[in-house]
Each structure stands twice: as C-alpha cells, then as structure tokens.
There are 2 protein chains.
Amino acid sequence: MPQDATAPTVLERPVQAGSTQLSGVEIGDLSGSLGFVLRICQLLAFDRFYRSGEPLPISAGEYSTLWTIGMNPGIRQGQLGTALFIKPAHMTKLIRRMEDQGFVQRVVPEDDRRAVCLSLTPVGEALIQRFRDTFFGRRAAEAEGLSPKELEEFLRLLRKYAGVTTRA
Amino acid sequence: MPQDATAPTVLERPVQAGSTQLSGVEIGDLSGSLGFVLRICQLLAFDRFYRSGEPLPISAGEYSTLWTIGMNPGIRQGQLGTALFIKPAHMTKLIRRMEDQGFVQRVVPEDDRRAVCLSLTPVGEALIQRFRDTFFGRRAAEAEGLSPKELEEFLRLLRKYAGVTTRA
DNA sequence: CGGATTTATTTTCCACGTAAACAATTTTTA
DNA sequence: TAAAAATTGTTTACGTGGAAAATAAATCCG
C-alpha cells in the first residue's frame with residue numbers, strides 16, 4: 001500500500017463554507033460523494049420501510065423479485081438477474097428458496113437446456129397480490145423529510161440515474 | 001404465510017400508461033418504490049466507481065470511515081457508527097482491521113473506560129490525502145446520465161433525505 | 001463435422017455485516 | 001450506598017451476497 005511520508009500529520013480540511021454534518025458528525029466533502037450518500041439513503045429507506053406498517057412475510061428483495069417475475073412470466077433467470085442487479089450465484093439460491101416455498105416454478109426450455117425460465121405459481125401470484133398494498137403503500141413513511149414535489153423529482157432523478165425507461 | 005386461494009392465477013398488471021422497464025425487463029410499479037430504486041442506484045454508483053479511475057488500495061467504505069475520523073479527531077466509535085450507519089459489531093472489526101494496518105489509533109479515555117476514541121495516525125492521514133482525488137474525483141463517471149444541473153439537484157435531494165445538514 | 005469457444009446456471013468457499021449474547025464500566029435509583 | 005439499569009464496545013454464530021471454479025449445453029470455426 002503506497003504511503004506518502006511527506007504528507008502533513010494533520011488533515012487539512014477542505015475549503016468550504018461552514019460545516020456539513022450527519023448525525024452531528026462532520027463529514028465535509030463526503031456529502032458530495034454520490035456513492036456514499038446513496039448508501040446512507042438506501043439504508044435509511046430500508047430502515048423506514050421495516051419500521052412502518054404491517055410486516056411482510058418475505059423480504060423486500062424477495063417481494064421485488066416475485067413482482068418482477070409476475071410482470072414477465074417466463075423470464076430467463078439471467079435476464080432477471082441483470083435487471084435486478086443480482087448475480088447468478090445468488091439468484092440461483094434465491095429462486096431455489098422461493099421454488100421450495102412454492103412461489104415460483106422453473107422450466108427448462110426445449111430450445112435451450114442451459115437456461116431456466118421462471119413464472120409465478122398460483123400461490124406466488126396470491127402472495128404478491130395479498131401484500132401489494134403492504135409493499136407499495138408506504139410512500140408517506142418512506143419519504144419522510146421531502147415534500148410531495150421533492151419526492152416526485154427525487155424519484156424521477158433516481159429512475160433516470162438507474163436507467164429506468166418509460167414509454168407509452 | 002397467509003395465502004389467498006381466491007386470487008386470480010394471472011397477475012393483473014397495474015393500470016398505468018405504457019410500460020416501465022429496467023434492462024428491457026418490465027418492472028411496473030416497482031419503479032415507484034423508493035427503496036428498490038435507491039438500491040439499484042447504489043449498486044450502479046458502486047459499479048461505476050470501481051470501473052473508473054485508479055484503484056483504491058482500500059475499500060470505499062474504509063476510505064469513508066478514515067475520512068470521517070480525519071474530520072473528527074478523537075471521535076467516539078459509537079458516534080462514528082451512528083453517523084455512517086455502521087453497526088457496533090461491524091465497526092469493531094473494521095476499526096481493528098484499520099488499526100492493524102496502522103491507519104487508526106484507539107484511545108480509551110480516562111473519563112469513560114467503556115468508550116473508544118479514534119484518530120488517524122500519520123500513516124492514515126497520508127493515505128487519505130494520497131487518494132483524495134482518486135476517491136472524490138470521479139464525479140463525471142459517477143453521474144453518467146444526468147446533466148450537471150440534475151446532478152446538483154439529485155445530490156441536494158439525497159442529502160436532504162439522508163439528513164445531511166449544512167450550516168455557515 | 002469435431003474441437004474450441006461461449007453461454008447459462010450451479011456449486012463451493014469466503015467476506016461482509018448484523019443479531020444476540022456477553023463483558024466492563026458508568027449512571028441511575030431506591 | 002449498594003443494587004439495578006443503562007451504556008459502550010466485543011465476541012460468536014449466522015445469513016446474505018458474490019468471486020471463482022465447475023458443469024452442461026449451445027454456437028462458432030477451421
């Protein structure tokens with residue numbers, strides 16, 4: 001690990017007006033690091049999601065995965081992983097677990113026996129319908145601290161950054 | 001796990017104009033779930049960060065932690081964890097590892113021998129100075145897909161949501 | 001047409017991060 | 001003033017998620 005022995009022993013704080021804090025702790029330029037702030041926001045959203053409303057019987061990640069399979073019956077496992085940013089190794093285990101729970105069925109297509117095509121079972125469909133409002137209905141709690149207009153813009157920028165496309 | 005046997009076996013897609021997709025996969029209302037979109041953005045930012053520029057000799061998380069200690073010499077370990085959303089169990093191991101690497105020193109204050117106060121060593125200071133531009137200088141790559149104005153607004157909303165406070 | 005290469009998923013091992021329990025110390029309470 | 005409660009960080013066990021290697025199948029190329 002390269003070390004610069006000539007560096008001063010006291011950290012020179014970056015030149016900026018006043019202070020920038022998180023939970024009373026000075027973070028300076030870290031507040032301008034997109035990765036850092038996104039991580040804090042994601043952890044906060046996760047925390048708020050679980051602290052409000054009726055509990056889900058499965059994790060939010062599992063719900064999202066089932067939801068996406070429901071929206072795309074027959075979707076290939078690799079394609080699902082690409083869309084949801086879940087690596088193949090984990091997706092394999094996630095799908096196996098949800099298959100064991102009876103929510104998902106796997107079909108190996110005749111035209112490509114390497115692949116796995118996924119669909120929801122009736123039980124899986126029922127589950128995501130049953131908990132739809134539980135999952136989607138926490139906007140007020142999730143968006144604490146932002147006005148409705150700000151939340152709208154926030155989601156628009158998040159979607160744009162994420163590469164979510166919408167078309168009529 | 002509650003199941004509604006009367007639910008239809010085909011997922012009724014939500015009523016919305018057109019389609020909403022991610023990587024060519026239909027996600028529908030998932031694009032309105034703050035936690036979900038934040039997770040996607042965080043993974044994307046992380047991916048872009050590592051794919052661009054000179055590699056860091058430590059992880060981004062370790063750099064952020066060292067940076068924050070540098071901005072707050074003598075900070076209590078618990079307070080650091082609260083600010084960075086890192087649980088005590090993990091912070092203990094993280095700090096131990098960075099102490100072993102020579103970047104951090106731990107001092108148990110006389111007035112509260114339960115606590116641990118953290119500061120950077122000269123080696124730690126040198127490290128975060130040495131890689132400052134490597135860590136902070138990837139705005140262009142990180143913010144791919146957003147205009148400068150949008151990035152500014154994006155960061156403003158992220159900071160607001162995260163509870164970052166700024167004062168003169 | 002057979003071997004090489006690529007693709008898709010699975011398996012194994014491991015790191016990260018945390019829940020829960022624990023230990024030491026401080027503060028509170030009766 | 002001593003016991004109870006709370007605080008601070010540590011340790012242990014475990015779940016999540018992924019890197020790397022393996023396996024099976026499809027495609028490509030000479």
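Per chain, numbering begins at 1; letters A, B, ... match sequence-line order. Values below: every heavy atom of this structure, side chains too, minus hydrogens, waters and symmetry copies. The structure displayed is predicted, hence computed values, not measured ones.
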Report all interatomic pairs (protein N or O, nucleotide N or O of nucleotides 11-15 of chain D) with separations under 3.5 Å.
none

Value in whole Å for how far the C1' atom of C:dT25 lies from CZ of B:R76: 12 Å
Pairwise side-chain contact, A:L38 with A:S33, heavy-atom cut-off 4.5 Å (strictly under): no
Qualifying residues under salt bridge (Lys or Arg N to Asp or Glu O under 4.0 Å), relative to A:K160, sequence neighbours excluded: B:E150
5' priority, DNA chain C, between B:E110 and A:R106 [closest heavy atom]: A:R106
salt_bridge(B:R156, B:E153) N-O dist < 4.0 Å: yes
Any residue meeting side-chain hydrogen bond (donor to acceptor under 3.5 Å, both in side chains) with A:D47, in chain and number order, not counting sequence neighbours: A:R51
Euclidean distance, B:S64 OG relative to A:L30 CG, rounded to 0.5 Å: 4.5 Å
Nucleotide C:dT10, atom C1' - distance to CD1 of A:I95 in whole Å: 13 Å
Residue-level proximity of residues 77-86 of chain B to DNA chain D when a heavy atom falls under 4.0 Å: B:Q77, B:G78
Salt bridge (Lys or Arg N to Asp or Glu O under 4.0 Å) against B:R159, all qualifying residues, sequence neighbours excluded: none
Residues in side-chain hydrogen bond (donor to acceptor under 3.5 Å, both in side chains) contact with A:Q77, at least two apart in sequence or another chain: A:T92
Spacing between B:L43 atom CG and D:dT16 atom P, to the nearest angstrom: 17 Å
Estimated bend of the helix from C:dC1-D:dG30 to C:dA30-D:dT1 (axis per five terminal pairs, rounded to 10 degrees): 10°
Residues forming a side-chain hydrogen bond (donor to acceptor under 3.5 Å, both in side chains) with A:K93, sequence neighbours excluded: none
Value in whole Å for how far the P atom of C:dA19 lies from CG of A:D47: 10 Å
B:F136 ring center within less than 6.0 Å of B:W67 ring center: yes
Nearest-angstrom distance from the residue atom OH of B:Y50 to C1' of D:dG18: 14 Å
Sequence-distant partners of A:R106, side-chain contact (heavy atoms from CB on, under 4.5 Å), two or more places apart: A:I95, A:E99, A:V116, A:L118
cation_pi(B:R48, A:Y161) dist<6.0 Å, angle<=45: yes
A:Y63/A:F131 under ring-ring contact (aromatic ring centres under 6.0 Å, His included): CA gap, chis, key distance, verdict: CA-CA 9 Å; A:Y63 189 93; A:F131 290 96; 7.7 Å; no
Residues which pass salt bridge (Lys or Arg N to Asp or Glu O under 4.0 Å) with B:R39, listed by chain and number, not counting sequence neighbours: none
For atom CE of A:M91 and atom C1' of C:dT11, their distance in whole Å: 17 Å
Interatomic distance, B:K87 NZ vs C:dA21 P [rounded to whole Å]: 16 Å
With B:R114 via side-chain hydrogen bond (donor to acceptor under 3.5 Å, both in side chains) - residues at least two apart: B:D112
Rounded distance in Å - CG (A:L94) to C1' (C:dT10): 14 Å
Residues touching DNA chain D, which here means a heavy atom under 4.0 Å, drawn from residues 111-119 of chain B: B:R114, B:A115, B:V116
